[in-house]
Amino acid sequence: MRRRWLSIWYVLIIALFLEAAAFWVTGFVASSYRNMVWEKFNTGVKEMRDVDAKTPYADLINRFARQAGISPEIAAGVIQAESSFQPRALSASGAYGLMQVIPGTWRHVNKDLKICSNLHIGECTKDCYFNPELNIRIGTAYLGQLNKQFSGDMVLAIAAYNAGPNAVKQYGGVPPYDETTVYVKRVINYWYKIASKTVPDYITYAERWDVVQSVLGWLFTTTASLAIYVCYRLYRVSRSWRWR
């Protein structure tokens with residue numbers, strides 16, 4: 001009985017090493033394709049192209065995005081990802097309006113812009129947050145600040161818009177948060193659609209390799225669980241940690 005369990009144990013250990021190696025390789029391949037996607041996107045998004053009149057709030061987006069030094073098309077992509085162009089969108093985390101700006105960020109950006117100085121006394125309120133013109137102005141200004149902070153790397157600016165600049169600095173790139181990685185993908189895909197550009201094949205390649213890596217991760221976890229169980233059985237059969 002012990003010999004049979006011991007044989008299973010060796011097989012599982014070998015499988016764990018192979019699965020770990022495959023997991024690393026697939027992650028490397030997916031990351032390589034993803035970097036290609038990001039590089040091409042960062043190059044394309046530097047084109048300062050206005051959105052067409054069919055886009056909701058096109059005039060505001062074009063004006064304020066250009067003032068912030070960013071492409072109007074990427075500003076529109078962020079709005080699509082954040083609120084689907086719903087001016088009274090409100091998230092569970094307390095983000096408001098078209099560009100889903102939280103009050104803390106609003107106050108930080110508005111210290112310099114002072115966009116409401118002639119409209120009311122005191123702090124901005126929900127009326128300001130939901131105002132399309134004011135919201136787009138604050139949101140694009142903030143995205144422009146992030147773009148400058150990360151030296152024109154719009155991928156990192158988008159990640160910081162979602163997860164915060166400190167998270168991007170902490171991880172030295174796009175934080176490994178599911179919400180943030182999905183968000184970055186969505187904004188990039190929206191930008192390609194808004195810009196009427198052909199989506200590169202390696203976006204699909206990166207997604208496929210991500211799926212393969214995810215499957216390998218679950219397989220590794222399952223194998224590790226089986227190895228722990230076999231380890232327990234060997235201990236019970238041998239009544240010791242010395243199995244030979």
Side-chain angles (χ1 to χ4, degrees), residues 38 40-91 94-165 168 183-184 186-197:
W38 292 349
K40 187 175 181 64
F41 168 74
N42 273 327
T43 300
V45 82
K46 287 180 170 58
E47 300 176 13
M48 299 289 285
R49 303 198 319 174
D50 287 347
V51 295
D52 59 40
K54 295 179 182 179
T55 304
Y57 310 103
D59 290 342
L60 297 176
I61 293 171
N62 292 332
R63 187 201 325 167
F64 293 129
R66 285 184 173 276
Q67 286 181 10
I70 59 174
S71 167
E73 290 176 335
I74 192 58
V78 169
I79 292 174
Q80 178 66 57
E82 289 287 353
S83 67
S84 297
F85 288 93
Q86 300 301 315
R88 298 195 66 82
L90 176 62
S91 73
Y96 291 84
L98 289 166
M99 298 195 72
Q100 290 291 275
V101 183
I102 61 174
T105 299
W106 188 288
R107 288 191 293 270
H108 170 73
V109 177
N110 201 33
K111 284 180 181 179
D112 296 326
L113 295 183
K114 297 180 174 58
I115 61 173
C116 300
S117 58
N118 296 324
L119 300 178
H120 59 74
I121 299 174
E123 294 288 341
C124 290
T125 65
K126 291 181 181 180
D127 290 335
C128 300
Y129 304 152
F130 286 132
N131 181 295
E133 180 175 351
L134 302 182
N135 192 281
I136 291 174
R137 189 174 179 188
I138 290 289
T140 52
Y142 181 52
L143 186 58
Q145 290 177 7
L146 293 173
N147 190 45
K148 291 179 181 177
Q149 183 176 345
F150 293 104
S151 305
D153 190 326
M154 184 57 76
V155 171
L156 296 185
I158 293 169
Y161 195 92
N162 176 263
V168 174
Y183 178 81
V184 170
R186 289 176 62 205
V187 173
I188 291 175
N189 285 333
Y190 286 140
W191 176 80
Y192 272 103
K193 183 177 180 180
I194 291 169
S196 298
K197 292 181 178 289

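Owing to the predicted nature of the structure, the values given are computational and were not obtained by experimental measurement. Just so you know, residue 1 is the first one in the sequence shown, and it goes up from there.
- A donor-acceptor pair is defined here as one N or O able to donate and one able to accept, closer than 3.5 Å; no such pair exists between the side chain of D153 and the backbone of N147.
- Residue I188 holds its CD1 atom at 7.5 Å from CD1 of I74, rounded to the nearest 0.5 Å.
- A salt bridge does not link R186 with E82: every distance from a Lys NZ or Arg NE/NH1/NH2 to an Asp or Glu carboxylate oxygen is 4.0 Å or more.
- Q67 CD to L113 CG: the interatomic distance, rounded to the nearest 0.5 Å, is 9.0 Å.
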Test log, rule side chain to side chain contact (heavy atoms under 4.5 Å, CB included), inputs Q86 and Q100: CA-CA 10 Å; Q86 300 301 315; Q100 290 291 275; over 6 Å; no

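- At a threshold of 4.5 Å between non-hydrogen side-chain atoms, the residues P103 and Y96 count as touching.
- More than 12 heavy atoms of other residues, nucleotides or ligands shown are found within 6.0 angstrom of NZ on K46.
- Across every non-hydrogen atom of M99 and N135, the tightest pair is N-OD1, 2.8 Å.
- Taking a cutoff of 4.0 Å between a charged side-chain nitrogen and a carboxylate oxygen, K193 and E73 do not qualify as a salt bridge.
- Side chains of M154 and L143 form a contact here, defined as non-hydrogen atoms less than 4.5 Å apart.
- In this structure, OG1 in T125 is found 10.0 Å from CZ in F130, a value given to the nearest 0.5 Å.
- In terms of heavy atoms, F150 sits closest to A160 at CE1-CB, 3.7 Å.
- Put simply, CZ on F64 and CG on D59 are 10.5 Å apart, with the number rounded to the nearest 0.5 Å.
- Across all their heavy atoms, Y142 and P165 have their closest contact at OH-CD, 3.7 Å.
- Residue K197 qualifies as enclosed at atom NZ: its count of foreign heavy atoms under 6.0 Å is above 12.
- Side chain of T105 to main chain of V101: no donor-acceptor pair is present (N/O by atom type, distance under 3.5 Å, no hydrogens or angles).
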From CA spacing to verdict: side chain to side chain contact (heavy atoms under 4.5 Å, CB included), Y161, L156: CA-CA 8 Å; Y161 195 92; L156 296 185; over 6 Å; no

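- In this structure the side chain of F41 never reaches within 4.5 angstrom of the side chain of N189, judged on heavy atoms.
- The minimum heavy-atom distance between V184 and V155, with the atom names listed, is CG1-CG1, 4.2 Å.
- Panel note: side chain S71, backbone M48; no donor-acceptor pair is recorded below 3.5 Å.
- Heavy-atom minimum distance, P72 versus R66: CG-CG, 4.1 Å.
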Side chain to side chain contact (heavy atoms under 4.5 Å, CB included) evaluation trace for W191 with V45: CA-CA 8 Å; W191 176 80; V45 82; 3.8 Å; yes

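- Scanning both residues, N110 and C124, for their nearest heavy atoms gives ND2-SG, 3.8 Å.
- Panel note: side chain Q80, backbone V187; no donor-acceptor pair is recorded below 3.5 Å.
- Of the inter-residue distances, the one linking T55 atom OG1 with I79 atom CD1 reads 9.5 Å to the nearest 0.5 angstrom.
- Evaluated for a side chain to side chain contact (heavy atoms under 4.5 Å, CB included) with R137, the options V109, I115, L60 yield exactly one hit, I115.
- Between D50 atom CG and R63 atom CZ the span is 12.0 Å, to the nearest 0.5 Å.
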Worked verdict on L134 versus Y129 for side chain to side chain contact (heavy atoms under 4.5 Å, CB included): CA-CA 7 Å; L134 302 182; Y129 304 152; over 6 Å; no

